[in-house]
Amino acid sequence: LMKNIFRILKYLKRKKEKESIATNGYFLKEDFIRNLSKIKINLLHVSLDGHRAEIHNSLRGGKFFGKVVKNIKIIKKYEIPLRIGCIIWRKNENFLEEMVKLCIKLKIEELRFSWLIKVGRFKNNPKLYPKIGWLTIIKKIKELQKKYRNKIEITFHRMPKLKYSA
């Protein structure tokens, strides 16, 4: 994390700008989270790419799930607006509803699904790419939005654009 992050966040608050932080959630410490709550940050976005440790950890490349979930509970304790970001990939594409249920259990305000983008370590790794087509995934997400509309906000981001042929 940036050493001067709180100075920057306070500056944005004075300028009446909306501020948010995106994080993998692993390296957060309780004193940092407490200070975020004092600033009243608009949004903290934490990545959680599966409802079970083996799913999240295999995408993230380490044993991170438990600590991330622990930090999510601390964030909730300090009442910071929280969004969970979940990349849709091969090992979680059939477990989207389970992800929704985990987020409801954790009392998350918003769950945002994102399509895996083929860049960086994902660029040449087709074993990670979802097998289910993105239109089917969007349909499933819309069904989940309807089913859980009174419990959690479910959104999606970075879905492939439709290509039309003439």
Taking the side chain from [X] and the backbone from [Y], do they hold a donor-acceptor pair closer than 3.5 Å?
{"X": "Lys131", "Y": "Glu93", "answer": "no"}
{"X": "His45", "Y": "Ile21", "answer": "no"}
{"X": "Asn35", "Y": "Phe32", "answer": "no"}
{"X": "Asn42", "Y": "Lys18", "answer": "no"}
{"X": "Glu110", "Y": "Glu153", "answer": "no"}
{"X": "Asn92", "Y": "Asp49", "answer": "yes"}

What is the distance from atom [atom1] of [X] to atom [atom2] of [Y], rounded to the nearest 0.5 Å?
{"X": "Ile137", "Y": "Leu96", "atom1": "CD1", "atom2": "CG", "answer": "5.0 Å"}
{"X": "Leu116", "Y": "Cys86", "atom1": "CG", "atom2": "SG", "answer": "11.0 Å"}
{"X": "Ile87", "Y": "Leu59", "atom1": "CD1", "atom2": "CG", "answer": "5.5 Å"}
{"X": "Lys139", "Y": "Leu144", "atom1": "NZ", "atom2": "CG", "answer": "12.0 Å"}
{"X": "Leu102", "Y": "Ile72", "atom1": "CG", "atom2": "CD1", "answer": "7.5 Å"}
{"X": "Leu128", "Y": "Phe122", "atom1": "CG", "atom2": "CZ", "answer": "6.5 Å"}

Subject >> side-chain contact (heavy atoms from CB on, under 4.5 Å) between Ile88 and Ile141, intermediate numbers included >> reply: CA-CA 11 Å; Ile88 298 168; Ile141 291 171; 3.9 Å; yes

Decide if atom [atom1] of [X] counts as having more than 12 heavy atoms of other residues, nucleotides or ligands within a radius under 6.0 Å.
{"X": "Lys91", "atom1": "NZ", "value": "no"}
{"X": "Arg7", "atom1": "CZ", "value": "no"}
{"X": "Glu79", "atom1": "CD", "value": "no"}
{"X": "Tyr129", "atom1": "OH", "value": "yes"}

Subject >> Least distance between heavy atoms, Ile41 atom then Glu19 atom >> reply: CA-OE2, 3.2 Å

Original post:
Between Lys13 and Ile39, what is the shortest heavy-atom contact and its length?
Top reply: CE-O, 3.1 Å

**OP:** Taking atom types as modelled, find out whether Glu30 and Tyr78 have a side-chain donor-acceptor pair closer than 3.5 angstrom.
**Re:** yes

Original post:
Hey, any chance Ile80 and Leu43 share a hydrophobic cluster, counting ILVMFWY side chains that come within less than 4.5 Å of each other, even indirectly?
Top reply: no

Do [X] and [Y] have side-chain heavy atoms sitting under 4.5 Å apart?
{"X": "Phe65", "Y": "Arg60", "result": "no"}
{"X": "Val68", "Y": "Asn24", "result": "no"}
{"X": "Phe156", "Y": "Lys142", "result": "yes"}
{"X": "His56", "Y": "Val69", "result": "no"}
{"X": "Ile75", "Y": "Leu36", "result": "no"}

**OP:** Specify whether Tyr26 and Phe64 have parallel, tilted or perpendicular ring planes, treating 30° as the upper limit for parallel and 60° as the lower limit for perpendicular.
**Re:** perpendicular

Original post:
Can you tell which of Ile108, Ile154, Leu82 makes a side-chain contact (heavy atoms from CB on, under 4.5 Å) with Cys103?
Top reply: Ile108

**OP:** In sequence, state the C-alpha distance, the side-chain angles, and the governing distance for Phe113 and Val100, and then conclude on side-chain contact (heavy atoms from CB on, under 4.5 Å).
**Re:** CA-CA 10 Å; Phe113 288 109; Val100 170; 4.3 Å; yes

Subject >> Candidate pair Lys101 and His51, rule side-chain contact (heavy atoms from CB on, under 4.5 Å), full reasoning >> reply: CA-CA 8 Å; Lys101 289 177 180 179; His51 69 291; over 6 Å; no

**OP:** Tell me, with the steps shown, if Lys70 and Lys73 meet side-chain contact (heavy atoms from CB on, under 4.5 Å).
**Re:** CA-CA 5 Å; Lys70 178 182 171 208; Lys73 291 175 181 177; 5.8 Å; no

Original post:
For Glu109, which of Lys151, Arg83, Lys76 qualifies under salt bridge (Lys or Arg N to Asp or Glu O under 4.0 Å)?
Top reply: Lys76

